[in-house]
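Each chain gets a letter, A, B and so on, in the order its sequence line appears, and its residues count up from 1. Everything numeric here is computed off the predicted structure, so don't read it as measured data.
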There are 2 protein chains.
Amino acid sequence: MRLLLAEDDEALVAGLKPALERAGYAVDVATDGVFAQLSAEAIAYDLIVLDLGLPRRNGIEVLRGWRAARRAMPVVVLTARDTWQEKVEVLNAGADDYVCKPFHTEELLARIAAVLKRSAARRAPGPLARGGLRLDEATQSAALDDGTPIELSSIEFRLLRCFMLHAGQVLSQQRLNEHLYDHATDHDSNVIEAHITRLRRKIGRDWIQTRRGQGYVFEAPEAP
Amino acid sequence: MRLLLAEDDEALVAGLKPALERAGYAVDVATDGVFAQLSAEAIAYDLIVLDLGLPRRNGIEVLRGWRAARRAMPVVVLTARDTWQEKVEVLNAGADDYVCKPFHTEELLARIAAVLKRSAARRAPGPLARGGLRLDEATQSAALDDGTPIELSSIEFRLLRCFMLHAGQVLSQQRLNEHLYDHATDHDSNVIEAHITRLRRKIGRDWIQTRRGQGYVFEAPEAP
DNA sequence: GGGGTCTTTCAGCGAGGTTTCAGCTTCATT
DNA sequence: AATGAAGCTGAAACCTCGCTGAAAGACCCC
């Protein structure tokens, strides 16, 4: 789950980025309007957190630019001004939610989760449960339908969620890499393979099939 | 312990907010009905103080909205009109208590405490019976079921209460920070860790489990 | 002001998660 | 079957995070 944080206040970023990452998102940061706009045009983010007071280009213009270009990803707007007029303007420009500074980190997280849930509901109804495997966002753990809990580390959780969100699709190692880490890393390593091994050991071998030379596919195992 | 004060009278807020904070709650304020509704949908407040005479959306509608959305947090209603009809209407809409203006701050505090106690008892027969750990608000101390008393300092008490109210959930350090202190503090310190250590030493190691990189979970220890 | 307690900071330690590495297995192609 | 490429996996290295004892700071009560 990949997210762009468009915010220039360093202190805020320093607090927010780790919190978002703890919540299981891969976070890129853009510190001015132009860069934010370009980034989101280049990459299909799952959600964008957009400060209105960015240097070089106003947040509202950036947002309008995306919507004009038919970019439909959910956008949560941050602003320092809590006026009725601005709220209306922002929502009309195509924002999905609106949070005033100062805010509790937890509140932003909750709103992000709510917006994502809504947008996921639009696309694919139902919570994150596929064929007898459930993911619990709150405790960052998984469970089989019979109730057996499965403890996951942070990376394993993100990996599994990525698979479940794209169940049935082939996910290349490169794509998994990009979803799990910030796109600075040009890994030629086998981290992904290693984690897949550990994940398979925990949830069972059959959920993740390898497509040689292409990637991996997540599917419910055959009933024997 | 997090609380939403939905009230538009500035003078009242100016008096009430500090009083509530002094009583150990973290307080957010919402000054109109729509915002109050959204806030409480986004954040799991432990309690809400709701004025009926809010601008933009009537308090009763807001309350009905929450209950229709299966939001079960306790709500204490403030109102200027003291008629039995309104009282009935409000309680039927799902309020937990009802205070008429003008009131003494102390009275409101007492009702809040009472409502919280009731709701804690409702949700979890648990702080008491569960694993044999009880919290005593009056003496700010804890006790094991066998009667052994445990002396707690103020912060330890609030920390433990926060854990017991959210038993089974993962609480990140950041979230605990925000619940224990006003959200001015951008601590990169390890206060929380230090207090967790001392708390564990007092109540026993097994109650609070660490989820590396995510936070802590409060649970009754296994019976050996 | 002095003794006590509560709270916070600091620094070193240790555990656990993550990544790398090396050797092995599997698969496709000839 | 031989070969090479791709993937698997156990073990070791690395690194980060949380733990904890001690000391400093804040606060309160005499």
Side-chain angles (χ1 to χ4, degrees), chain A residues 14-15 17-19 21-24 26 140-142 150-160 162-163 170-177 179-182 184-218, chain B residues 22 24 139-142 150-163 170-177 179-182 184-218:
Chain A
K17 193 174 182 225
E21 285 169 346
R22 209 176 312 114
Q140 299 225 343
S141 64
I150 301 172
E151 299 264 322
L152 296 173
S153 79
S154 166
I155 278 218
E156 288 158 3
F157 177 80
R158 279 182 287 156
L159 187 58
L160 180 53
C162 189
F163 271 122
V170 177
L171 296 175
S172 68
Q173 286 199 20
Q174 186 181 346
R175 178 144 175 219
L176 290 171
N177 236 316
H179 270 264
L180 291 183
Y181 305 93
D182 297 348
T185 52
D186 65 332
H187 282 137
D188 54 342
S189 81
N190 67 340
V191 219
I192 298 293
E193 289 166 14
H195 285 300
I196 297 250
T197 295
R198 306 174 93 262
L199 189 53
R200 278 178 172 154
R201 192 173 305 149
K202 287 189 179 176
I203 66 174
R205 189 125 325 213
D206 303 331
W207 287 91
I208 300 169
Q209 295 171 28
T210 77
R211 287 272 198 288
R212 204 154 214 271
Q214 306 175 52
Y216 301 90
V217 180
F218 178 89
Chain B
R22 222 173 302 121
T139 64
Q140 297 231 332
S141 66
I150 300 173
E151 297 271 319
L152 296 173
S153 77
S154 161
I155 277 220
E156 287 159 3
F157 179 78
R158 278 182 288 156
L159 187 59
L160 181 53
R161 179 171 60 180
C162 188
F163 271 122
V170 176
L171 297 175
S172 68
Q173 286 198 21
Q174 187 172 359
R175 180 154 172 206
L176 291 170
N177 236 315
H179 269 265
L180 292 181
Y181 307 93
D182 293 346
T185 52
D186 65 332
H187 282 140
D188 55 342
S189 83
N190 66 341
V191 217
I192 298 293
E193 290 165 15
H195 286 300
I196 297 251
T197 295
R198 308 175 92 259
L199 188 53
R200 278 178 173 154
R201 192 173 305 148
K202 287 187 179 176
I203 66 175
R205 188 127 324 215
D206 302 332
W207 288 91
I208 300 169
Q209 293 173 28
T210 304
R211 287 270 200 293
R212 200 157 216 266
Q214 302 173 162
Y216 301 91
V217 181
F218 179 89

Participant: Quick one: NE2 on His179(A) to CG on Leu159(A), what's the gap to the nearest 0.5 Å?
Facilitator: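 Rounded to the nearest 0.5 Å, the NE2-CG separation comes to 11.5 Å.
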Participant: May I ask you to verify if any side-chain N or O of Arg211(B) is less than 4.0 angstrom from the OP1 or OP2 atom of dG16(C)?
Facilitator: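 Arg211(B) to dG16(C) OP1/OP2: no side-chain N or O under 4.0 Å.
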Participant: Rounded to whole angstrom units, what separation is found between the CD1 atom of Ile192(A) and the P atom of dT18(C)?
Facilitator: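 My rounded result for the distance is 12 Å.
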Participant: Below the 4.0 Å mark, does dC8(D) have OP1 or OP2 next to a side-chain nitrogen or oxygen of Arg201(A)?
Facilitator: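 False: Arg201(A) side-chain N/O out of range (4.0 Å or more) of dC8(D) OP1/OP2.
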Participant: Of Glu156(A) and Ala194(B), whose nearest nucleotide on DNA chain C comes first from the 5' end?
Facilitator: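 Nearer the 5' end of the strand: Ala194(B).
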Participant: Hey, does the side chain of Tyr216(B) come within less than 4.0 Å of dC17(D)'s phosphate (OP1/OP2), counting only N and O?
Facilitator: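 Tyr216(B) to dC17(D) OP1/OP2: no side-chain N or O under 4.0 Å.
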Participant: Any chance you could measure Gln173(A), atom CD, to Ile196(A), atom CD1, to the nearest 0.5 Å?
Facilitator: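 One gets 7.5 Å once the value is rounded to the nearest 0.5 Å.
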Participant: Using heavy atoms to find the nearest nucleotide of DNA chain D for Gln173(B) and Gly213(A) separately, return the residue whose nucleotide is more 5′.
Facilitator: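 Result of the comparison: Gly213(A).
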Participant: Using a cut-off of 4.0 Å on non-hydrogen atoms, how would the nucleic acid contact of Arg200(B) be classed: base, sugar-phosphate, or nothing?
Facilitator: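 Sugar-phosphate only.
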Participant: How close or far is atom P of dT5(C) from atom NZ of Lys202(B), stated in whole angstroms?
Facilitator: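 Distance, rounded to whole Å: 12 Å.
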Participant: Heavy atoms only, 4.0 Å cut-off, all strands: where does Thr197(A) land among base, sugar-phosphate and nothing?
Facilitator: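 Here Thr197(A) touches the bases of the nucleic acid.
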Participant: Going through the checks in order, is the side chain to side chain donor-acceptor pair (under 3.5 Å) test met by Arg200(B) and Thr210(B)?
Facilitator: CA-CA 11 Å; Arg200(B) 278 178 173 154; Thr210(B) 304; 2.8 Å; yes
Participant: To the nearest angstrom, how far is Leu152(B) atom CG from dC6(C) atom P?
Facilitator: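 Roughly 11 Å, once rounded to whole Å.
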Participant: Gln214(B) CD to dT16(D) P: how many Å, rounded?
Facilitator: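 So the CD-P distance, Gln214(B) to dT16(D), works out to 18 Å.
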Participant: Do the side-chain N or O atoms of Arg198(A) get closer than 4.0 angstrom to the phosphate oxygens (OP1, OP2) of dG10(D)?
Facilitator: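 Checking Arg198(A) against dG10(D): no side-chain N or O falls below 4.0 Å of OP1 or OP2.
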Participant: Between C1' on dT26(C) and CZ on Arg205(A), what's the gap in Å once rounded to a whole number?
Facilitator: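 Rounded to the whole Å, the gap is 14 Å.
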Participant: Check the phosphate of dT18(C) against Ser153(A), side-chain N and O only, distance under 4.0 Å to OP1 or OP2. Yes or no?
Facilitator: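 Affirmative; the distance criterion is met.
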Participant: Could you tell me whether Glu151(A) and Arg211(B) have a side-chain N and a carboxylate O separated by less than 4.0 Å?
Facilitator: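 Yes.
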Participant: Whole-Å distance between dT18(C) C1' and Ile196(A) CD1?
Facilitator: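 In whole Å, dT18(C) C1' and Ile196(A) CD1 are 15 Å from each other.
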Participant: For Gln214(A), I'd like to know if atom CD has over 12 heavy atoms of other residues, nucleotides or ligands within 6.0 Å.
Facilitator: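 Yes, the 6.0 Å shell around CD holds more than 12 heavy atoms from other groups.
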Participant: Pick the nucleotide of DNA chain D nearest each of His195(A) and Glu193(B); which residue has the one closer to the 5' end?
Facilitator: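 Going by which nucleotide is closer to the 5' end, it is His195(A).
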Participant: Please determine if a side-chain N or O atom of Thr210(A) lies less than 4.0 Å away from the OP1 or OP2 oxygen of dG7(D).
Facilitator: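 No, because none of the side-chain N or O atoms of Thr210(A) sits under 4.0 Å from OP1 or OP2 of dG7(D).
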Participant: Looking at Tyr181(B), does any N or O in its side chain come under 4.0 Å of the phosphate oxygens OP1/OP2 on dT7(C)?
Facilitator: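 Checking dT7(C) against Tyr181(B), no side-chain N or O comes under 4.0 Å of OP1 or OP2.
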Participant: Taking N and O atoms by type only, does the side chain of Arg212(B) place a donor or acceptor under 3.5 Å from a partner on the base of dT16(D)?
Facilitator: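 Checked by distance alone, the answer is yes.
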Participant: Could you pick out which residue, Asn190(A) or Ile155(B), lies toward the 5' side of DNA chain C when each is mapped onto its nearest nucleotide?
Facilitator: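 Its nearest nucleotide being more 5', the pick is Ile155(B).
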Participant: Hey, can you tell me if Phe218(A) and Phe163(A) have their rings parallel, tilted or perpendicular (30° and 60° cut-offs)?
Facilitator: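 Rings of Phe218(A) and Phe163(A): parallel, under 30°.
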Participant: Could you tell me how far apart Leu199(B) (CG) and dC6(C) (C1') are, to the nearest whole angstrom?
Facilitator: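 Value for this atom pair: 14 Å.
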Participant: To the nearest Å, give me how far apart CG (Leu176(A)) and P (dT18(C)) are.
Facilitator: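 That distance rounds to 16 Å.
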